[in-house]
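See below for the structure under consideration.
Keep in mind that what you see is a predicted model, and the values were worked out from it rather than measured. Per chain, numbering begins at 1; letters A, B, ... match sequence-line order.
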Amino acid sequence: MNPLLDEPLSVALLRTGWAATLSADELEVASRGTFDRIYPAGVVVAPLGEVAEHWIGVICGMVKVDTSLADGKSTTFIGVSTGGWLGEGSLLKRESRPYEVVALKESRIAFMSRPTFEWLYEYSLSFNHFLISQLNARLAQFISMVERSRMHSPTEIIAFGLASLLHPKLSPSPSQTLLISQEELGKLCGLSRQAANKGLHQLMEQGLIDVEYRAILVKDLEGLRSAARVVPGTERSD
DNA sequence: TCATTAAACGCGT
DNA sequence: ACGCGTTTAATGA
């Protein structure tokens with residue numbers, strides 16, 4: 001039913017941003033040092049505090065990165081959807097993960113072993129280019145999040161969140177359809193369910209998306225990006 | 001007073 | 001069983 005779920009891993013890796021520019025030899029090493037698993041919705045992919053031994057890739061599906069508190073509450077940092085990779089920071093720093101990774105829906109997750117990651121880090125220039133570009137994009141994302149949380153309206157925050165899930169570098173998904181509940185989208189954006197719902201409908205009225213049951217269809221990604229950008233003098237004016 | 005939130009309820013998928 | 005729309009009650013600006 002979903003071809004991405006049972007496609008051979010080596011083929012799936014070819015569609016990732018970092019694999020495209022690797023040599024055949026490098027790709028062979030990368031492929032041999034990577035395995036994959038399918039996770040049902042709601043299952044922990046990488047627990048908080050685990051010593052990072054793998055780089056994590058979302059072959060298909062969607063995960064959230066959050067910190068879970070003792071009382072069951074959690075704050076979500078980011079969502080990573082199809083085509084995105086995460087955890088390079090913990091690998092490079094040899095630290096235990098300061099966050100947990102949870103599947104938001106059934107997802108196929110790839111794990112690249114530390115030795116393989118370090119080999120690519122050591123020997124492949126294009127892999128390093130990819131890493132820098134990814135870290136740069138991630139940094140820009142977090143800077144925008146801080147800025148945004150201080151001055152943007154809920155609608156703009158939702159627009160930003162949706163655009164982030166379809167970020168060409170961080171989650172280069174070929175699909176423009178996001179299968180995510182409004183509550184989870186709200187969590188990803190730090191908003192209540194009501195606020196997420198309201199924002200989605202405003203964006204729908206602007207013709208940027210279609211809202212469907214369990215799904216959001218992005219019709220105009222560029223429009224979403226500009227909807228997420230604050231124009232001086234218009235902030236907080238819903 | 002007005003806006004926003006979590007919790008609860010009922011309906012539809 | 002889950003997601004979505006709505007209501008309600010509490011909270012705070």
Side-chain angles (χ1 to χ4, degrees), chain A residues 1-5 37-48 58-82 84 99-109 144-166 171 173 175-221 223-224 227-238:
Chain A
M1 131 190 169
N2 184 346
L4 299 186
L5 278 178
R37 278 187 204 151
I38 309 275
Y39 289 86
V43 170
V44 173
V45 171
L48 178 83
V58 182
I59 300 297
C60 70
M62 192 184 298
V63 299
K64 63 176 174 179
V65 176
D66 68 20
T67 59
S68 57
L69 283 63
D71 61 355
K73 298 263 183 189
S74 67
T75 48
T76 299
F77 292 134
I78 53 169
V80 179
S81 56
T82 300
Y99 51 79
E100 68 170 359
V101 181
V102 180
L104 280 180
K105 42 173 288 200
E106 182 179 60
S107 302
R108 184 177 178 199
I109 307 297
S144 317
M145 282 167 71
V146 173
E147 181 191 38
R148 174 200 77 187
S149 67
R150 289 183 181 158
M151 51 197 300
H152 285 33
S153 71
T155 302
E156 289 166 319
I157 292 174
I158 288 291
F160 182 90
L162 290 175
S164 297
L165 287 173
L166 292 172
S171 296
S173 163
S175 165
Q176 297 289 88
T177 300
L178 292 166
L179 292 142
I180 184 174
S181 75
Q182 298 182 3
E183 182 165 17
E184 284 298 343
L185 180 64
K187 278 189 198 166
L188 291 182
C189 297
L191 296 172
S192 67
R193 185 157 72 93
Q194 291 102 312
N197 181 279
K198 201 172 134 196
L200 283 173
H201 282 95
Q202 283 205 19
L203 294 173
M204 183 162 63
E205 279 170 26
Q206 294 170 30
L208 301 174
I209 60 172
D210 278 336
V211 178
E212 293 185 358
Y213 189 64
R214 294 175 198 246
I216 296 139
L217 287 98
V218 175
K219 296 198 292 185
D220 183 355
L221 182 55
L224 272 186
R229 195 161 295 131
V230 170
V231 180
T234 64
E235 55 266 21
R236 277 260 147 236
S237 64
D238 252 343

* Asked: Could you give the CD-to-C1' distance, from A:Gln182 to C:dC2, as a whole number of Å?
  -> 13 Å
* Can you see which heavy atom on A:Ala227 is nearest to which on A:Glu156, and at what distance? => O-CG, 3.2 Å
Side-chain donor/acceptor pairs under 3.5 Å, residues 208-220 of chain A, sequence neighbours excluded:
| unit_1 | atom_1 | unit_2 | atom_2 | d |
| --- | --- | --- | --- | --- |
| A:Asp220 | OD1 | A:Glu222 | N | 3.4 |
| A:Asp220 | OD1 | A:Gly223 | N | 2.7 |

* **Atom pair distance, as rounded to whole Å: CG in A:Leu179 and P in C:dC2** => 17 Å
Dump every N/O contact between nucleotides 9-13 of chain B and the protein below 3.5 Å, one line per pair.
| unit_1 | atom_1 | unit_2 | atom_2 | d |
| --- | --- | --- | --- | --- |
| B:dG12 | N2 | A:Tyr213 | OH | 2.7 |

* Is the backbone N or O of A:Gly61 less than 3.5 Å from a side-chain atom of A:Ser107, with the two atoms forming a donor-acceptor pair by type? -> no
* Would you say the side-chain atoms of A:Ser81 pair up with the backbone N or O of A:Ser171, donor to acceptor, closer than 3.5 Å? -> no
* Structure fact -> From CD of A:Glu184 across to C1' of C:dC2 the rounded distance in Å is 12 Å
* Which is true for A:Gln194 with a 4.0 Å heavy-atom rule: it touches a base, it touches only sugar-phosphate, or it touches nothing? -> base
* To do: Side-chain contact test, heavy atoms from C-beta onward, threshold under 4.5 Å: evaluate it for A:Met62 versus A:Leu179 and give yes or no.
  => no
* Structure fact -> Taking every heavy atom of A:Val44 against every heavy atom of A:Tyr39, the minimum-distance pair comes out as O-CE2, 3.9 Å
